[in-house]
Structure formats: C-alpha cells, structure tokens
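This report concerns only the one structure given below.
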Amino acid sequence: MNVSVPGGARRGPRRSLSVQLASEDGAVRGPLGGGALLIRVVPLLPETRSPLYRPWQAARSGHLAGLFVRPAFRLRGIHPEAGKGSLQFEGLARSDAPPPVNLTGPHPSSPGSPPPSAMSKYKLVMLRHGEGAWNKENRFCSWVDQKLNGDGIKEAQNCGKQLRALNFEFDLVFTSVLNRSIHTAWLVLEEMGQEWVPVESSWRLNERHYGALIGLNREKMALNHGEEQVRIWRRSYDVTPPPIDESHPYYHEIYNDRRYKCCDVSPDKLPRSESLKEVLDRLLPYWTERIAPALKSGKSILISAHGNSSRALLKHLEGISDDDIINLTLPTGVPILLELDENLRAVGPHQFLGDQEAIQAAIKKVEDQGKVKRAEK
C-alpha cells in the first residue's frame, strides 16, 4: 500500500511514503524522514460501542511514543469506513511533521487480528482532579490547598458518571493529601454508588512543588519571561523552578500545615521546589510499596491525583522519554485508562475516556494557560 504525503509551501515537494498494512497485528510500517514508522490502531473499550477508533500510537526511529508524545508529530485518530480510513497528523515543533494523509487497505481490526491489549493483565484508572479556583485564575497552585470550584465539582461528577457507565468497580482509591484531589475522589465514588471504597492519601501523590512560582499568574509570567520559558517550567522533565523561601506569602501556610507533620519524612526534608524528575523520585517509593502490590493482588485501583504527579507516573509506566514528556498535557476531571502487563508496564498508550472532541478542547485549554492572549483584530 502506498501513502501519498502531499507537499506544501513550507514542506517542500510532494513525497510518497510506502508502507505495508500487516494484517496479523493491525500495524502500518514504513520509512519516514530516515526513521522507522510504526502505526498501530487501538480500539476503544468494547463497552463504549463507539464507531470511532482512539488515536493511534506511533514509533519513529525505533522509539515508541505514547498518546500526544511525539518527537515530530502526533496522530489524531482514524475513522474506519468500508475498509478505508483517514489518518490525520498534527504537527508539533518540527517542520518535517507530515500533513494529513489517506490510508487505503484492509480494515485494521480484520477477523483473526489479536487485540493490541492481548497481553494486558491489569487495568489502572487515573485522573487529574477537577478544576479549582486557581486553575480558573491561571495561577500556579502547587501545594496551596485550593478547593474545587463549581466547574470542578461538575467535572468530578461527570467523571464518576463516565466510569459508572463503563461498569468500573474500584476496591481502593489513592489520593494526594490536598483537598482538591480528595474531594474529586469522593465525588467520583458518590456518582458511582461506591462511597464505601477505602481511600488512602499520601503527600507523595501531591502536585509538583513549583517553589517561588506558587501563586503567580502563568500568562503574566509568559509576558515577563517568554512563553517557552514558562512551558519549560511547567512541562519539562529536569528543570527545577526557583525554590520557595520564608519570605514567600504561602511558605508558612504550607509548611505549618498539620498534614505535613504526619508524613513519612520530617518537614525539613519536604521539597522547596521540584522538577518533574524529582516528583517521580518521591512518587516511585509509594508506587512500589503501596499501589503496585495492591494492583498485583487483584484490586481495582483509582488514583485521583494532579497534573504533574499523573504525568510523572505515566512517564514511568509508558516509558515516555525525557524529551517527549514535555508534550504530554492532562485535562482536569477526565478519567485515564492504562492497561498494564504482568510487570506493570503499559501494553499501549493511555486512553482518555469520554467525549474525545471535548477532551481535545480541554487539553488545548490547559496548553494555552502558559501563553500570552493575542488581541483579536
């Protein structure tokens, strides 16, 4: 099968990409810009009975990239129709990202093709808490204990309805020690009629500590320091913001809080600022000692956490590279399903459960928080 990649003003002459659809595993393979391209279709949960197929996972130059984490492009989805589909690429940073292309070939879920999740042994559901007041005000919230706003309450309730419709039943819920994470879990369980399920909270699932940036407005920071610097502070893997000190208006509110006197480390050992790498470092012992054993014992687990603690865990479980993690954005109040093998490694990219168009709009909303609003002409 040939895939024609049309050129454009900024993309040079028309190119043709030759690929083959491997019926035995539903994959499309071929060269792309000197690297290997692997595209595999992954259907939504059967319970959804949706005709849509979730966005594809792709690998370039031998590196498997998860959903929304691509070195040169991301794939937005396929709508199979009479054996034909339209695969749309959305360019990221690189100019050689391919434009929309059409694929023609056997239906990727033809009879006899094993499902991509055939090696799945465990299912883990995660979510970022519902929206809070500082999310709405576009401020770095971090360890300040903001509550859910009205929209955030609705998001959490809708998340519970979505999970109930998909017949999820949880045995144990893990949260951070921050109100917005715990309240989200309560609302989800209430909508599911599972209020009795035990909830365990740990500071190790807290949001990333943004240090001296706490309380600051992201858009104003973008005006003062540039959008790229704010993006690096928010999304990069190993860049740590300036630390908080005692002169900061929220320092004493955080470090005099009784919840941090009950931690498994002394208050003076708690972070004053964190990179995403440091979030993962403090999260992994809790994953290894508490969450992973519960999963392996057969318990159905929900983690109600935060944008960056969830990103850190997804990076670990999906094997997302240090460079690619900057492109992963999680919306508030949207359940995320991750299927794991016997070693608790992802067998495929995570799935956002719910209305995919609304989820994409919510992701863009989060991505735009660190940008300067352009005046309409």
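Keep in mind it's a predicted model, so treat the numbers as computed, not measured. One-based numbering along the sequence shown.
The pair Asp322-Lys315 meets the salt-bridge criterion, with a side-chain N (NZ, NE, NH1 or NH2) lying under 4.0 Å from an Asp/Glu carboxylate O. Note on Glu274 versus Arg282: salt bridge recorded, some NZ/NE/NH1/NH2 to OD/OE distance being below 4.0 Å. Classification of Asp145 and Arg259 as a salt-bridged pair holds, one side-chain N sitting under 4.0 Å from a carboxylate O. Contact check on Lys371 versus Glu219 returns no salt bridge, with no Lys/Arg side-chain nitrogen under 4.0 Å from an Asp/Glu carboxylate oxygen. Between Asp151 and Lys136, at least one side-chain nitrogen of the basic residue sits less than 4.0 Å from a carboxylate oxygen of the acidic one, meeting the salt-bridge criterion.
Without hydrogens or angle criteria, His209 side chain to Gly211 main chain gives a donor-acceptor distance under 3.5 Å. Judged by distance alone, the side chain of Arg208 and the main-chain N or O of Ser273 form no donor-acceptor pair under 3.5 Å.
When every heavy atom of Leu330 is checked against every heavy atom of Ser310, the shortest pair comes out as CD1-CB, 3.5 Å. Taking all atoms of both residues into account, the shortest heavy-atom contact from Ile320 to Leu314 is CD1-O, 4.0 Å. The two residues Cys141 and Gln146 make their nearest non-hydrogen contact at SG-CG, 3.4 Å. The two residues Arg235 and Thr329 come nearest to each other via the heavy atoms NE-OG1, 3.7 Å. Contact record, Leu127 with Pro335: CB-CA, 4.2 Å, taken as the closest heavy-atom pair.
The neighbour count for Gln229 CD, taken as heavy atoms of other residues, nucleotides or ligands under 6.0 Å away, is above 12. Enclosure of atom NZ in Lys261 by more than 12 non-hydrogen atoms of other residues, nucleotides or ligands within 6.0 angstrom is indicated. No more than 12 heavy-atom neighbours from other residues, nucleotides or ligands sit within 6.0 angstrom of CD on Glu357.
Residues meeting the side chain to side chain contact (heavy atoms under 4.5 Å, CB included) test with Asn158, sequence neighbours left out: Lys161. The ring pair (Phe, Tyr, Trp, His ring centres under 6.0 Å) check on Tyr122 picks up nothing, with sequence neighbours excluded. Here Tyr286 pairs with Phe174 under the ring pair (Phe, Tyr, Trp, His ring centres under 6.0 Å) rule; sequence neighbours left out.
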Given the rule in the side chain to side chain contact (heavy atoms under 4.5 Å, CB included) test, do Ile301 and Phe170 qualify, once you have shown the distances and angles that lead to the verdict?
-> CA-CA 6 Å; Ile301 302 298; Phe170 296 113; 5.9 Å; no
Take Glu169 and Met192 through the side chain to side chain contact (heavy atoms under 4.5 Å, CB included) test and state the conclusion after the steps.
-> CA-CA 8 Å; Glu169 294 182 343; Met192 299 180 72; over 6 Å; no
Ile303 and Val125: CA distance, side-chain angles, deciding distance, side chain to side chain contact (heavy atoms under 4.5 Å, CB included) verdict | CA-CA 6 Å; Ile303 300 177; Val125 178; over 6 Å; no
Take Asn135 and His129, measure what side chain to side chain contact (heavy atoms under 4.5 Å, CB included) needs, and give me the verdict at the end.
-> CA-CA 11 Å; Asn135 294 122; His129 62 80; 3.6 Å; yes
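Under the 30°/60° scheme for interplanar angles, the aromatic rings of Phe140 and Tyr210 are found to be tilted. Taking the six-membered ring for Trp and thresholds of 30 and 60 degrees, Phe352 and His350 have ring planes more than 60 degrees apart, a perpendicular arrangement. Classification of the Trp186-His183 ring pair by plane angle, with boundaries at 30° and 60°, yields perpendicular.
A donor-acceptor contact closer than 3.5 angstrom is absent between the side chains of Arg139 and Asn217.
When each of Arg180, Lys147, Lys365 is tested with Glu131 by the rule salt bridge (charged side-chain N to carboxylate O under 4.0 Å, His left out), just one qualifies, namely Lys365.
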